[in-house]
Amino acid sequence: MAAANAPIAMREALTLTSLGIAPQFVTFTHVTMESEKYICVRETSPQNSVVIVDMAMPAQPLRRPITADSALMNPNTRILALKVVAEDEERPEHGALRRPVERPGRPGDGDVNPSGGCGEEGGDDEEVAGDVGEGAEGGLAPAVGGDGGADVADAEGRGLGGVEEETGVLGSLAVGLLGRRRRHCRRRVETLPVLNYTKPLDLNHDMRMYDLVAKVAKNMKNVPVSLIDITRMSDYRKDAHTSLYSIRQGKPGFSKKQADLFFPPDFQDDFPVAMQISQKYGLIYVITKLGLLFVYDLETAAAVYRNRISPDPIFLTAESSASGGFYAINRRGQVLHATVNDATIVPFVSSQLNNLELAVNLAKRANLPGAENLVVQRFQELFAQTKYKEAAELAAESPQGLLRTPDTVAKFQVGYTPDYLFLLQTILRTDPQGAVNFALMMSQMEGGCPVDYNTITDLFLQRNMIREATAFLLDVLKPNLPEHAFLQTKVLEINLVTYPNVADAILANELPDIKRVMVNTHAIEPQALVEFFGTLSREWALECMKDLLLVNLRGNLQIVVQAAKEYSEQLGVDACIKLFEQFKSYEGLYFFLGAYLSSSEDPDIHFKYIEAAARTGQIKEVERVTRESNFYDAEKTKNFLMEAKLPDARPLINVCDRFGFVPDLTHYLYTNNMLRYIEGYVQKVNPGNAPLVVGQLLDDECPEDFIKGLILSVRSLLPVEPLVDECEKRNRLRLLTQFLEHLVSEGSQDVHVHNALGKIIIDSNNNPEHFLTTNPFYDSRVVGKYCEKRDPTLAVVAYRRGQCDDELINVTNKNSLFKLQARYVVERMDGDLWDKVLQPENEYRRQLIDQVVSTALPESKSPEQVSAAVKAFMTADLPHELIELLEKIVLQNSAFSGNFNLQNLLILTAIKADPSRVMDYVNRLDNFDGPAVGEVAVEAQLLMIWRNGLGLERAHMGIFTELGVLYARYRPEKLMEHIKLFSTRLNIPKLIRACDEQQHWKELTYLYIQYDEFDNAATTIMNHSPDAWDHMQFKDVAVKVANVELYYKAVHFYLQEHPDLINDLLNVLALRLDHTRVVDIMRKAGQLHLVKPYMVAVQSNNVSAVNESLNELYVEEEDYDRLRESVDMHDNFDQIGLAQKLEKHELLEMRRIAAYIYKKAGRWKQSIALSKKDNMYKDCMETCSQSGDRELSEDLLVYFIEQGKKECFASCLFICYDLIRADVALELAWMNNMVDFAFPYLLQFIREYTSKVDELVKDRIESQNEVRAKEKEEKDLVAQQNMYAQLLPLALPAPPGMGGPPPPMGMPGMPPMGGMGMPPMGPGPMPAYGMPPMGSY
């Protein structure tokens, strides 16, 4: 067939290699195409990159340097999802791409062969798997795939499409089975209707077979799609075939269709790799690996077309929703576009396939040309057969409006009998309210409604028209007839689900009515009833639930439980529990608490759930909860489970094992004859607790055979030490003999195994010495201690083997085994051990020395042992005992009698300790160094002379000095004592030189200190610290040195050798040190933290280096409290630098300190901005208040308004009260509907100004009152004066002879009479008191 007449048109959209993409990247692992919009290619050389080809602009690919394991473009938007190889790898920038999104994954992207393991040559045992493709909004549904290879649908972009029609939702499902194929390969295509299929989708098929390839329909608005259960095919079959299933919802009567896929002989190894659904045309495209295209009708599974579209293998396809076709990519890099040829497909189906019905359906479905004659012919046939309904449907759906003409309508008007049901259905599609009116009109027709009320209601409900159905039913059910009871229940039921308020109105909100209806649970949909409970008050809901349980406890329990779970918060968990407990419904408690358990930490709820599960026989659930829950009361639960005596002890085992009740568990299981559970616990659950189990079994007097068998069943998993302890406490160690011997035979070197075995051998006295001396694995201390009370000599053997010095000394002292102790000490040749046994505090020293001298050393043949013993006696300063020892081994016949060194040592020791014996030794010995002995004898004589000279009253300084020199040379142990006793009588410089020559650094230091040479003393101590250093002494010297540089040398010295004491030294020298220099030394050494206490002690000096170092440490330690205190009290540091460092700190409190520093530095805006960033609004307000800046405060108010922080707005008005202008605050509040939050401020403001006015008024009134009081006082004074004036008599002339002015009248201070309303006196004197003047005598 010519390409122009083919029903499927093919064209090459582009070639990937022409865009610069290398052929090696044109593979499944590198190319993805999730939709018709984008192609995504990963390149791995010459550099890692991702190429994105926009199909709208294919000539302009976008290439970005991105390293990823796989890359997927979102089907609709420019969003790239990447699977990155390494988690810590930095994500690249995506340029024009928006944020990268993690997309629900397809397992195996980028690392699986798309053809299930087949190369281009094909193979015999391919596997192909599938996934779920794109969803309705361009997202991705979860992947479904097998473990044998990659998903074909996944690999191709691919899956299966879906078509939404008025009658429902149409999807498709492909199931394939591929095995070893026969020579003539034949496959089958089937379509299967699935209506309201509710079983879960089983994807766990045998991975040797084809896996499920499914893509759910994109639009599921009308009817929810149920999942599909595919029968598991586990047998490997040779007659493999491919089956196709269609999911058709909302269209009853759709039967299973089946068709075969025929492959040409040249393509017998070919197989399908992808399937696409054309939503536009209702076709299925099946594409095979070798490039064959099969086209089938979606509804009938009828074959439409087959042709090869690519000579190269196809590995990727994607739906082209715009054209109703698909895109395919082959190995050559060609991107092929296939679509339906609108002009030829209908004629092709009708003429070539001779399938007239399919041709008509295609034409109607996609409004295609070419079926005009067929449609008209079919319409006439239906009309002639009086199938008017089918004819009307055909006319309405005729392609290109062929039959939607007035002539067609006129035909139906002749002799037409209305099909009311069809008319109602037609009106429902376009005018729901008109449909209600039409239904009500039918209900009022004469002769009754032509359509049953229930049928009309179902039509409304099928289209989810709840309101319309309710309106219709409420109107037609007004007569309240008994035969309408079913419809009354139905209207209540549907509204309980969707519109509870309508249900309330129907029930009139009366509790008795609600109870009366509710108890008829058999007539109400359970979910609707549960949802109705949510509309009731708490009390009513509980009453209704109680009634339901009273009427039919078992039948209504599930509904009550569901309601209790759904509304537990409103009803109260305790109330629900009491309800179930009231009816003793443990089953109800079990289901109710089961939903609530995961979110509760209440021990009582967890216990009640365990109790309910146990009483309802849900043993597995009891086991699970006791194993997983951390909230139940362990003691209470244990007691309950023991009382319940469940047939399965695992719950009790969980509780006791987790919470340490193993002995109780063992006792319970043993006394109840549940021995197999004891074995199971020890063997499978917790072998580590086996010792506790064994101990309890021994207490319960369990037969030993059972215990032995239990122990042997665990063997190496058993912790031996606690097991031995449990048996040893009960004196039953022999019980473990077989077990321990078994472990030893298996090569166990566990010390506890051999310890236990040794104890058993010791108790049985089965040649214990052999075990103790030959067994290399036991712990000598443990076994030795065990032997002490049984046989001390065995304890000595064990301790000797392990060189347990302290234990051996103690046991031999306690049991007077000094001969054994002496032999052990001599054999050990350990200086520390000799020092310990020869110290004066050892009360058994004499007995040991006697045994060493008499037995142990004479028995020894080892020169090293003799040397170690002699050295020990010399070190312990036991000359007489040493002489006794040497006489024993030198003078008596022994292996060391002629030893040159021992003879010299004997004579020299006698010279110092007992000179009276020297001549006897010289005469009896013949192998000693005569000259050396003589020189020592002379020096000893000098020492004796000088020592004797010290007692003279006028002994010369030279005696003391020379004796000190001799001590320095020959008796250094006496030198320090001599210096301290006679320091004032020594020639110190001379003795200093002698000590320096003999390297007696400690004595030299002491002499320097006595000679006030503190610099030399300090230098000597630091240069020879192992011998000369003493911390207290060095501190005393350091404060007295004159050379300042020695301070810092001392700092370096302590840093290197005594860092733990450096702060003590620095505190002593604090007043003399340059703190900046000390900090610099420690900073260079990287040890600032060592001197933190010192820096804290000297921070009061406010030194910049100290402050900055401490602040740095506080920041590092995240000690924000100390940092704030430091910043507050000590300001000599780089404040801005610290603030800039802290403002990026991850801790909020550190950033608050940064804002605080800015505030202290007067950088108000920076402080406020940082506090805003951290939502520390209180800090913002306080900073504004302290700044005194009105503009900042009012800007902060505006910020709070912009952020919608109403409470902060109110707080800011108070904190910044003195800065914010009232008119600004009220204006902002009024304009932003925040007057309520400004009202407290307004009240305060009014109160303040009212108080001010009141004070002013009060001051004014008080001032006026004072003026009035003063005026009144003056008036009262005047009135009083007038009163006195009225009471006095009239004035009389003065007596004769009494010259001069008359005395004033009245009280002092009173005005003259003339001023009181009386006539003024005449000129001249008035006679006193009105009497004539008195003459002279």
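Hydrogens, waters and symmetry mates are skipped; everything else that's a heavy atom, side chains included, is used. In this chain, residues are counted from 1 in sequence order.
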Modelled atom types, side-chain donor and acceptor of Glu36 and Ser321, under 3.5 Å
yes
Check whether any side-chain N or O of Thr15 sits under 3.5 Å from a backbone N or O of Gln334 as a donor-acceptor pair, and report yes or no.
no
Are the charged groups of Asp458 and Lys490 less than 4.0 angstrom apart, N to O?
yes
Considering non-hydrogen atoms only, spot the tightest contact between Thr339 and Ser323 and give its length.
OG1-O, 2.9 Å
Determine yes or no for a side-chain-to-main-chain donor-acceptor pair under 3.5 angstrom, with Ser310 supplying the side chain and Gly291 the backbone.
no
What I'd like to find out is whether the side chain of Leu283 reaches to under 4.5 Å of the side chain of Leu298, using heavy atoms alone.
no
Between the CD1 atom in Ile287 and the CE atom in Met275, the distance rounded to the nearest 0.5 Å is 8.5 Å
Between Ile39 and Ile329, is there a side-chain heavy-atom distance shorter than 4.5 Å?
yes
CD1 on Ile314 to CZ on Arg308, rounded to 0.5 Å:
9.0 Å
Using every non-hydrogen atom in the two residues, find where Lys280 and Ala322 come nearest and quote the distance to one decimal.
NZ-O, 4.3 Å
Output all residues satisfying side chain to side chain contact (heavy atoms under 4.5 Å, CB included) with Pro264, sequence neighbours left out; order by chain, then residue number.
Phe267, Leu292, Arg306
Apply ring-ring contact (aromatic ring centres under 6.0 Å, His included) to Tyr281 and list each qualifying residue two or more places apart in sequence or on a separate chain.
none
Could you check whether any side-chain heavy atom of Thr77 comes within less than 4.5 Å of a side-chain heavy atom of Tyr38, counting everything from C-beta outward?
no
Indicate the atoms forming the closest heavy-atom contact of Phe263 with Pro272, along with that distance.
CZ-CD, 4.4 Å
Taken in chain and number order and not counting sequence neighbours, the residues that satisfy salt bridge (charged side-chain N to carboxylate O under 4.0 Å, His left out) with Asp54 are Arg78
Interatomic spacing from OG in Ser320 to CE in Met55 - rounded to 0.5 Å:
8.5 Å
List in chain and number order the residues that pass salt bridge (charged side-chain N to carboxylate O under 4.0 Å, His left out) with Asp431, two or more places apart in sequence or in another chain; answer none if no residue qualifies.
none
Looking only at non-hydrogen atoms, find the nearest pair between Ser278 and Gly324 and report the distance.
OG-O, 2.7 Å
Would you check if Tyr285 and Ile8 make a side-chain contact, meaning some heavy-atom pair closer than 4.5 Å?
yes
Are Met442 and Leu424 close enough that some pair of their side-chain heavy atoms sits under 4.5 Å apart?
yes
With a 4.0 Å cut-off, would you call Arg365 and Asp297 a salt bridge?
yes
Does Lys37 form a side chain to side chain contact (heavy atoms under 4.5 Å, CB included) with Met73? I'd like the steps, not just the answer.
CA-CA 9 Å; Lys37 294 186 178 182; Met73 280 297 293; over 6 Å; no
Under 3.5 Å donor-acceptor pairs involving side-chain atoms of residues 353-363, not counting sequence neighbours:
residue : atom : partner : partner atom : Å
Asn355  : OD1  : Leu358  : N            : 3.1
Asn361  : ND2  : Glu357  : O            : 3.4

Has the side chain of Asp342 got a donor or acceptor atom that lies under 3.5 Å from a matching backbone atom of Ile345?
no
Is there a side-chain contact between Glu34 and Thr32 (heavy atoms, below 4.5 Å)?
yes
Assign the ring pair His337 / Tyr327 to parallel, tilted or perpendicular, where the plane angle (0 to 90°) is split at 30° and 60°.
parallel
Which atom pair, heavy atoms only, marks the closest approach of Ala338 to Met10?
CB-SD, 3.0 Å
Arg378 (side chain) donor-acceptor with Glu381 (main chain) under 3.5 angstrom
no
Say whether, by atom type as modelled, one donor and one acceptor occur between the side chain of Asp270 and the main chain of Leu290 under 3.5 angstrom.
yes
With distance as the sole test, does Thr457 use its side chain to make a donor-acceptor pair with the main-chain N or O of Tyr453 at under 3.5 Å?
yes
Does Phe438 reach the side chain of Tyr420, with side-chain heavy atoms less than 4.5 Å apart?
yes
Can you list the residues that meet the salt bridge (charged side-chain N to carboxylate O under 4.0 Å, His left out) rule with Asp312, with sequence neighbours excluded?
Arg332
Trace of the side chain to side chain contact (heavy atoms under 4.5 Å, CB included) decision for Phe294 with Thr288:
CA-CA 8 Å; Phe294 294 84; Thr288 70; 3.7 Å; yes
CG of Leu459 to CD1 of Ile427, rounded to nearest 0.5 Å, is 11.5 Å
Looking only at heavy atoms, the pair that brings Leu374 and Ser350 closest together is CD1-CB, 3.9 Å
Any side-chain heavy atom of Val295 sitting closer than 4.5 Å to one from Leu293?
yes
Do Tyr305 and Asn307 pass the side chain to side chain contact (heavy atoms under 4.5 Å, CB included) test, and can you show the C-alpha distance, the side-chain angles, and the key distance before you say yes or no?
CA-CA 7 Å; Tyr305 181 69; Asn307 194 15; 3.0 Å; yes
